[in-house]
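Each chain gets a letter, A, B and so on, in the order its sequence line appears, and its residues count up from 1.
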Amino acid sequence: MFETKMTAIMIGRISLLFFFGIALTACDKVFAGEESEFAKPSNVWSTPAPSLPEHRDLVNIYHRLPKFSLTDQSGAEVAWHDLYGRVWIANFMSVRCQESCAARNAVMNELQAGIKETNNWQHTRLVSISVDPEHDGPNVLSRYAQDHGLETSQWHFLTGPRDAVRNLVKDGFKLPVADDPDSSAIPLLRTDMFVLVDWEGRVRGYYNDFGEEGLKILKRDIARVTFERIVQHPTAANPDWINSRRQSQLDSAGRFDVFRDFSFSDETASSGITFRHRLVDDAASVYKAVHYDHGNGLAVADVDLDGLHDIYFTSQSGSNELWRNLGNGTFENITDSAGLNIDDRIGVAASFGDIDNDGDPDLYITNVRTGNLLFENDGKGHFENITERSGTGVKAHSSGSTFFDYDRDGLLDLYVSNVGVYTTDEISNVTIYTDTGQVVTDEQYYVGFKDAFAGHLKEERTENSVLFRNRGNNRFEDVTREVDLVDSSWTGDAMVIDGNNDGWPDLYVINMQGDDEYYENVDGKKFVRKSREFFPKTSWGSMGIASFDYDNDGDMDIYVTDMHSDMAAKLDVSEEKMKMEAHYPESWLQTQGRSIFGNAFYRNEGDGRYTEISDEIGAENYWPWGLSSGDLNSDGYEDVFIASSMNYPFRYAVNSVLLNNKGRGFLDSEYVLGVEPRKYGITAAPWFEINCSGRDAGSDLCGKTRGRRVLWGALGSRSSVIFDLDKDGDQDIVTLEFNQPPLVLISNLSAKTKLNYLNVKLNGTSSNKSGVGAMVKVFAGDDIYTKVNHGKSGYLSQSSFPLYFGLGSNRKIDKIEVTWPSGTTQVVDREIKLNQLLEVTESAQ
Amino acid sequence: MSSLTSYKRYYFGRYLVVLLVTLLCSGCGVDHPQHRLDSIVIEVTADEFNWYFRYPGPDGVLGTGDDRHSMQDLFLPDNSKVDLKLNSNDYVYMFSLPELGMREIAVPGLSFELQFTTQDEQILDLMGDQMCGFAHESLIGKVYVRNQDDGYYDW
């Protein structure tokens, strides 16, 4: 977010050069007694190149400051993120420079007094950076402020290691710096300039005229830059409930009798992953309630078979990206070399599946109306586009895709979930928010219907999902009608379950605007709709689905997240664990009173019955999208991560982490495990920019205001994958963030406790090679741990990685039982070492 | 946000519309119907975050030249069956009368109805909302149930 991006456009105006000239002369008379020592700043210039404003109401944007961390007069760390979401004025001082510095600080003090009288005061900070850091320690600076009677509640006097200060001044503020490396007594060159820095850490102006006229300009720019930000929803940037909620969750952690003494840390920066999800404008500057805001998925697989799991991120605009796992938690972008640079589609999600049984994960990618894509992997992480000859290039409003072998012929078939027609034929260019403002790209997208959210009421907007049968040789045929699987739900995804325990994989289809559907697979030949027989009531706005054995009773339970019900009314933070009470009218719902307005959890009773127990076990949360399950504390019970929060223009919602209380309920744990609050407490970011003195003048967002306005929106995730990213034996989490870089959340569980676990990799022979659809039971003491290798790792996507079995305190595995899709059951009862990857190859029957 | 705020902001615009309607109608020389209404059909159309209400004029028939119009605020005759025909020209809207526990959607190309019977003279809240979008103060107004003997058509 804070990389220095020097966007060289053009060298500044003549007036700019002029004031740098003044700055130079101002600098060389500062330090009494040390002038003669002062090195000439010959090679220290980097000229700030502003993006010139289109209109005089617009304040320049120069460049973004790099991340920095210094120490203030109280000895506290003050870093870039402490000033993120503030407007600040920086100057450069030294206690030893006396009069000149004192004069400048007097100007700062006067500015402070002026701003204090305005509403802008709460958003403003003053920052005086000492360029004599060896001399000006915190105590010296503190005394200085006291001696000069300066009010320091919002005024940081910063010091730090000389290099840190030097780099910030030279490379950050791009101001002249000079020092003598042979003499530590010589401070850095000091400029007399004030620098205005905006809400997101961009330099917006340099000022060195402190006369009446100059100060007027400075004050005007401060006011304009402060006015620029509009936070939508108004509480998105600084939710006042974050800390109290954190405290109450920490206070409640005492009742946990599951292991929780570990945490996740956001290691996105050190992972090297620079992918950033990008939007289409329907989710930003021309926001409307359209299914684009449902966002995207991510999928994980070992694409080059090096034993490390790589990540494929999808994006609406810009290319999806494939990041190769280098080990040690670091990644490199191999999108281009993998042949996966796709920048001509509006992406949605992706699934890995070995379609040709050659032992490597192939890739299916869904897009909005621009054609889905199928890529065959050569086993080295190079992908070939085989869409056309495979016959799978659906052009629709596709969403999730699911590989499964519905006819159990040993080849993975493919179910593609299509939402419904939510776009018009109008084409528009994508604009993106950059460091220097909103930029129109040449990428295009179909503009959404203004009434897209009523699509389920309009038959002509139906778009059936598609079942493709794998005929071998990477050829697929559409058998949707042949097998009676014609589903017209507004669906984002489907989950493969074996509801009637007959060995044939059935389908649970989630519907984001109405009843979910359940289709029973009859001998791989037909699908029969048995929705209400199995699931009398379902979530009205189903968005995500996971299936896992929640209570270790040997069968698969089902967890459905409901997003659309959370849109029905404003929900107070205190009500997030409750079902939505404000319903839509039946004319809208069309479900004859049988909907659940929130998440659903179906406990599998083992005899073909499911009981809905979401409220009983605490499965409700706020504004969910996709969910992932995984044994985060390795105690043998599957836990849950729910990617949540709607972003612009709604309030912030936390990602939910639910620790499984040994099959008796879920414990809210996002704060306990350090997933919330987000790093540095940042909950909002710039979303897009409008020009109220130009092209957007008079628009709803501008009203009668002028100048540049930057709309900020709440952060939010859409999807996640839980897997052992760094091969240390515990489960990490990677998310896909809407309009932001992902979160790489690394668990320290393995360092906190002695782990007992087993990874199981399946090699099918008569079944499909990757064993998709196999059920694995691990018997250890009195415990039986059951998992199905369905690959549905998170929202809309499918991944391919070994099954992770946390074993709690069990130190011995008695046996493993694998029920393969072919129907054979295989028992592994030789001695099995813990904490390893066990490969089980399907035995010939 | 409170409807009070919306009142302040839209005070001028609303009264301008009312004034125009009044001027137009007085210009046409249209008189009030002499009989009491026991039912009324009103067309409600949402457009760019505004409610437009179209009422049958003195001929009692909706869709003729003597129809009357209002915006944001809805005017109803007392003790009458009311049939609101909801429609939208763009987005999906929710039309709610919280005091009556009634809400219905307005969707382009589809028609939805809200039927109820008014009581004596009263003022009710009209809560409008763009489904899943921004809050719009212009969609929030009042329902004026007017005494037919004393000024229903005086607005």
Side-chain angles (χ1 to χ4, degrees), chain A residues 230 232-234 282-294 422 424 447-461 512-513 541 563-570 580-590 623 646-651 699-701 703-704 711 713, chain B residues 1-3 5-6 8-13 44-51 72 83-116 125-140:
Chain A
I230 306 174
Q232 191 66 264
H233 178 280
D282 277 27
S285 55
V286 290
Y287 173 82
K288 58 175 76 84
V290 59
H291 302 71
Y292 280 121
D293 60 33
H294 296 188
Y422 58 79
T424 66
V447 174
F449 279 114
K450 285 179 173 176
D451 66 343
F453 193 29
H456 65 296
L457 304 178
K458 301 190 167 187
E459 212 178 328
E460 70 276 15
R461 294 194 189 165
M512 59 184 76
Q513 285 160 236
M563 187 281 288
H564 274 146
S565 290
D566 283 348
M567 295 168 68
K570 268 187 197 166
M580 180 60 80
E581 283 195 8
H583 302 167
Y584 300 114
E586 176 57 27
S587 54
W588 175 259
L589 297 171
Q590 307 268 307
W623 216 299
M646 166 62 202
N647 311 97
Y648 180 87
F650 292 81
R651 77 165 165 91
S699 68
D700 279 356
L701 288 168
K704 286 177 183 160
L711 277 292
Chain B
M1 87 203 44
S2 72
S3 53
T5 327
S6 87
K8 283 179 186 160
R9 180 176 293 188
Y10 290 92
Y11 186 88
F12 179 73
V44 182
T45 305
D47 191 325
E48 279 294 320
F49 320 116
N50 286 298
W51 295 119
Q72 190 164 23
D83 186 358
L84 302 180
K85 306 280 190 196
L86 294 160
N87 222 313
S88 164
N89 286 340
D90 41 37
Y91 300 93
V92 183
Y93 297 85
M94 184 77 80
F95 180 98
S96 309
L97 302 172
E99 284 124 317
L100 304 180
M102 308 196 82
R103 57 202 312 224
E104 191 46 276
I105 48 175
V107 179
L110 300 177
S111 48
F112 293 94
E113 292 185 1
L114 208 51
Q115 293 168 334
F116 54 96
D125 287 330
L126 190 169
M127 303 302 286
D129 200 4
Q130 180 203 1
M131 293 267 273
C132 331
F134 291 100
H136 290 276
E137 293 174 353
S138 50
L139 290 169
I140 298 172

message: Heavy-atom cut-off 4.5 Å, strictly under: side chain, backbone, both or neither for B:E48 against chain A?
response: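 Side chain only.
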
field: Region of B:F49 that comes under 4.5 Å of a non-hydrogen atom in chain A
entry: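 Side chain only.
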
Answer with side chain, backbone, both or neither: which region of [X] has an atom nearer than 4.5 Å to a non-hydrogen atom of chain B?
X      : value
A:F449 : neither
A:D700 : side chain
A:E586 : neither

task: Could you tell me which non-hydrogen atom of A:K450 sits nearest to which non-hydrogen atom of B:D90, and how far apart they are?
output: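 Here A:K450 and B:D90 meet closest at CB-O, 3.5 Å.
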
query: Any idea which heavy atoms bring B:F112 and A:L457 closest together, and the distance?
result: CZ-CD1, 4.0 Å

- request: Output, in order, the C-alpha distance, side-chain angles, deciding distance and verdict of side-chain contact (heavy atoms from CB on, under 4.5 Å) for B:M131 and A:D451.
  value: CA-CA 9 Å; B:M131 293 267 273; A:D451 66 343; over 6 Å; no

Interface residue of largest heavy-atom contact number with chain B, from A:A452, A:A454, A:P585, under 4.5 Å: A:P585

- request: Evaluate the side-chain proximity of B:I105 to A:S587: yes if any heavy-atom separation is below 4.5 Å, no if none is.
  value: yes

message: Could you walk me through whether B:M94 and A:Y584 satisfy the side-chain contact (heavy atoms from CB on, under 4.5 Å) test, starting with their C-alpha distance in whole Å, then the side-chain angles of each, then the deciding distance to 0.1 Å, before giving a yes or no?
response: CA-CA 9 Å; B:M94 184 77 80; A:Y584 300 114; 3.7 Å; yes

- prompt: Is the number of heavy atoms from other residues, nucleotides or ligands within 6.0 Å of CD (A:E459) greater than 12?
  reply: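 No.
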
